[in-house]
Amino acid sequence: MPDPVPLALTLGDPAGIGPELALAAWLQRDRHSLQPFFVCGGRRVLEEAAAHCGLKLAIAAIDDPSATDAQFDAALPVLEGKDGHYGPGSPSEAGATIARASLEQGTRLAQDGRAGAVITGPVSKAQLAATGFTFPGQTEFLADAAGRGPDDVAMMIAGPSLRTVPLTIHVALAEVPARLTTGLIVSRARIVAAALERDFGLTRPRLAIAGLNPHAGENGTFGDEEARIIAPAIAALEADGLSVTGPHPADALFAPRARTTYDAALCMYHDQALVPVKALDFDQGVNVTLGLPFIRTAPDHGTAFAIAGKGIADPGATIAALKMAGEMAARRG
Ligand SMILES: NC(=O)c1ccc[n+]([C@@H]2O[C@H](COP(=O)([O-])OP(=O)(O)OC[C@H]3O[C@@H](n4cnc5c(N)ncnc54)[C@H](O)[C@@H]3O)[C@@H](O)[C@H]2O)c1
Ligand SMILES: N[C@H](C(=O)O)[C@H](O)COP(=O)(O)O
C-alpha cells in the first residue's frame with residue numbers, strides 16, 4: 001500500500017488565527033492521528049507566530065510536497081511559497097495577498113494530485129476582495145479553478161451531530177427567494193447524495209429539505225415557495241429513487257429526534273444551514289466542498305481577528321478538517 005499523498009494546508013490570513021491553528025494541529029498530530037500535511041508558504045509567518053504564541057516546534061522548509069513525510073514526525077513542513085510577516089489582529093492587503101497565494105498554491109497542488117486534498121485556512125472575504133479577488137468566497141474560487149459553475153458544487157458544513165448544505169450561500173437575504181429554483185434544489189441534492197455515498201460511506205443517504213418560510217409556509221399562509229419550488233424538487237428527486245423528505249419547518253428540523261431521521265439537511269440560505277451546526281459543533285465543524293474533482297475541506301470558522309495571537313483559539317475545527325480530508329482521501333484510494 002503506497003503512502004498516502006500528503007495534504008496541503010493553506011495559511012489563511014496571516015492576521016487571523018489560521019497560522020496558530022496550523023502550528024497547534026501539527027503539535028497535536030499524534031493525538032489525532034493526522035495524516036502528514038504541509039503548509040503552503042508563509043514559513044516566516046509561522047515562525048513569527050510560534051515565537052509570538054510561545055510555541056516550541058521545528059519548522060522545515062520543503063521544496064516539494066513529496067518531502068513532507070520525511071519531515072513530518074520532527075517538524076512542520078512548509079512548502080516554499082509567498083511569505084511575509086505575522087500580524088495578529090492587524091489585517092492588511094499584504095496579508096490578504098499572502099493568503100490568496102497560499103490558497104492558489106494549495107488548489108493547484110490538489111488539482112495536480114501532488115496533494116491528497118487542500119484544507120483551506122480562514123480568510124477574510126473583505127480583505128481578499130481588496131486584492132482584486134472577485135469571488136464571494138473560497139468555495140466559488142475552487143469551483144471556478146476546477147472548471148465548475150458555482151451551482152455545480154455544494155457547500156456542506158459537517159459536524160458530529162449534524163450535516164447541512166445551504167442552497168444559496170454568500171448572497172443578501174433579500175435575494176434568496178429569487179435565487180431558489182426547483183432545478184437548483186434537484187442538482188444540489190444529487191451532488192449531496194452522491195458525496196454522502198462516496199465520501200461518507202452511506203449506502204442509502206437520507207436527505208431532508210427545509211422550507212423557506214415559517215412553518216414551511218403553513219399550507220401557503222406564509223408564502224408559496226414550498227408548494228411552487230421545493231415540493232416539485234422533492235418529487236423529482238424521489239422519482240430518481242433518492243430518499244428525500246420535506247419541505248420541513250426549519251425550526252423543528254434540527255431537534256435531536258428529527259436529526260435521527262436524515263443524514264444531511266438541505267437549507268434555503270446560509271444562516272439557516274450554518275447556525276445549527278455552529279451552535280452544536282463549533283469546534284468540530286468542517287466546511288467541505290462537494291462536487292469538486294479534488295478534496296477540499298476547511299474549518300467552519302473565520303479569521304477571528306480579535307483573538308488572533310492570544311493563544312485562546314481552539315484548533316478543533318482545523319484538526320477535524322484535516323482528519324476529514326485524510327479519511328476522504330483514504331476512502332477514495
Ligand atoms: N472559512 C472561512 O474562510 C471563513 C468562515 C467564516 C468567516 N470568514 C471570514 O472571517 C472574518 C470574520 O468573520 P466572523 O467574525 O463572522 O466569523 P469568525 O468565525 O471569524 O468569528 C466568529 C466568532 O467565533 C470566534 N471564533 C472563531 N474561530 C474560533 C476558534 N477557532 N476558537 C475560538 N473562537 C473562535 C471569534 O472570536 C468570534 O467571536 C470575515 O472576514 C469573514 O469573511 C471566513
Ligand atoms: N460560509 C462559511 C462560514 O461561514 O463558515 C464560510 O464563509 C465559507 O467560506 P469559503 O467559501 O471561503 O470557504
Side-chain angles (χ1 to χ4, degrees), residues 9-25 28 53 88-93 95-96 99-100 102-104 106-107 110 117-131 133-146 148 150-151 153-159 163-173 267 269-292 295-322 324-325:
L9 174 64
T10 67
L11 191 67
D13 195 306
I17 57 177
E20 65 196 86
L21 298 184
L23 302 171
Q28 297 188 35
C53 298
S90 305
S92 66
E93 193 169 327
R100 179 174 175 177
S102 187
L103 168 65
E104 290 165 347
T107 301
V118 57
I119 299 90
T120 59
V123 297
S124 160
K125 294 168 176 49
Q127 289 293 331
L128 274 187
T131 70
F133 189 79
T134 57
F135 301 95
Q138 297 177 108
T139 298
E140 294 85 354
F141 163 79
L142 290 151
D144 183 74
R148 301 283 202 278
D151 291 347
V153 301
M155 173 191 293
M156 175 182 278
I157 304 292
R163 302 183 192 99
T164 62
V165 174
L167 292 172
T168 61
I169 310 179
H170 295 124
V171 296
L173 208 48
C267 301
Y269 55 92
H270 183 279
D271 285 359
Q272 192 184 61
L274 273 70
V275 163
V277 177
K278 295 192 181 186
L280 288 165
D281 297 321
F282 191 93
D283 292 336
Q284 302 172 76
V286 178
N287 166 12
V288 47
T289 307
L290 310 179
L292 292 173
I295 295 166
R296 181 267 177 148
T297 67
D300 66 346
H301 58 72
T303 53
F305 288 129
I307 64 168
K310 297 185 181 341
I312 60 176
D314 189 303
T318 297
I319 290 168
L322 285 159
M324 183 179 289

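Note that these values count all heavy atoms, side chains included, but never hydrogens, waters or copies made by symmetry. First listed ligand is number 1; within each ligand, the first listed atom is number 1. This one's a predicted model, so the numbers in the text were calculated from it and none came from an experiment.
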Identify, for [atom], the protein heavy atom at the shortest distance, and state residue, atom and that distance.
atom	result
atom 30 (C) of ligand 1	D314 N, 3.6 Å
atom 17 (O) of ligand 1	G302 N, 4.2 Å
atom 3 (O) of ligand 1	V123 N, 3.2 Å
atom 1 (N) of ligand 2	H270 NE2, 2.9 Å
atom 12 (C) of ligand 1	T303 OG1, 3.7 Å
atom 2 (C) of ligand 2	L274 CD2, 3.7 Å
atom 41 (O) of ligand 1	S124 OG, 3.2 Å
atom 1 (N) of ligand 1	H301 O, 3.5 Å
atom 11 (O) of ligand 2	T139 OG1, 2.7 Å
atom 36 (C) of ligand 1	A304 CB, 3.8 Å
atom 8 (C) of ligand 2	N287 ND2, 3.4 Å

Can you find a protein heavy atom closer to [atom] than 4.0 Å?
atom	value
atom 19 (O) of ligand 1	yes
atom 38 (C) of ligand 1	no
atom 23 (C) of ligand 1	no
atom 8 (N) of ligand 1	yes
atom 43 (O) of ligand 1	yes
atom 14 (P) of ligand 1	no

Nearest 0.5 Å, please: how far is [atom2] in [Y] from [atom1] in [X]?
X	Y	atom1	atom2	result
L292	L142	CG	CG	6.0 Å
I119	I319	CD1	CD1	12.5 Å
T297	L9	OG1	CG	8.5 Å
E140	F133	CD	CZ	8.0 Å
D13	L128	CG	CG	7.5 Å
I295	L290	CD1	CG	11.0 Å

The one among [options] that brings a heavy atom closest to [atom]:
atom	options	result
atom 4 (O) of ligand 2	H170, E140, R296, K278	K278
atom 9 (O) of ligand 2	Q138, K125, M155	K125
atom 33 (C) of ligand 1	T318, I17, I307	I307

Please check: side-chain N/O of [X] versus main-chain N/O of [Y], any donor-acceptor pairing under 3.5 Å?
X	Y	value
T139	M155	no
T164	A273	yes
K278	D300	yes
T10	L103	no

inquiry  = Can you classify the ring geometry of H270 versus H170 as parallel (below 30°), tilted (30 to 60°) or perpendicular (above 60°)?
reply    =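 Ring orientation of H270 relative to H170: tilted.
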query = Considering only heavy atoms from C-beta outward, does the side chain of P166 approach that of Q272 to under 4.5 Å?
reply =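 A side-chain contact is absent here, since even the closest heavy-atom pair is not under 4.5 Å.
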message = Measuring only between side-chain heavy atoms, which start at C-beta, is K310 closer than 4.5 Å to I17?
response =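 Answer no - side chains too far apart.
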ask   = Under 4.0 angstrom from ligand 1, any heavy atom of A298?
value =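 No, A298 has no heavy atom closer than 4.0 Å to ligand 1.
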request  = Return yes when F305 approaches ligand 1 closer than 4.0 angstrom through a heavy atom, no otherwise.
outcome  =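 No, F305 has no heavy atom closer than 4.0 Å to ligand 1.
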message = Between R296 and T107, is the side chain to side chain donor-acceptor pair (under 3.5 Å) condition met? List the steps.
response = CA-CA 9 Å; R296 181 267 177 148; T107 301; over 6 Å; no
[X]: numbered ligand 1 atoms lying under 4.0 Å from its heavy atoms:
X	answer
P122	3 (O)
K125	4 (C), 41 (O), 43 (O), 44 (C)
Q138	3 (O)

query = Between H301 and ligand 2, is there a nitrogen or oxygen pair with a distance under 3.5 Å?
reply =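 Not met; the criterion fails.
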Verdict with supporting geometry, N287 and Q138, side chain to side chain contact (heavy atoms under 4.5 Å, CB included) = CA-CA 11 Å; N287 166 12; Q138 297 177 108; over 6 Å; no
key: Candidate pair L322 and Q28, rule side chain to side chain contact (heavy atoms under 4.5 Å, CB included), full reasoning   = CA-CA 12 Å; L322 285 159; Q28 297 188 35; over 6 Å; no
message = With heavy-atom distances below 4.0 Å as the criterion, list the atoms of ligand 2 near D300.
response =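 Atoms satisfying the 4.0 Å criterion: 5 (O).
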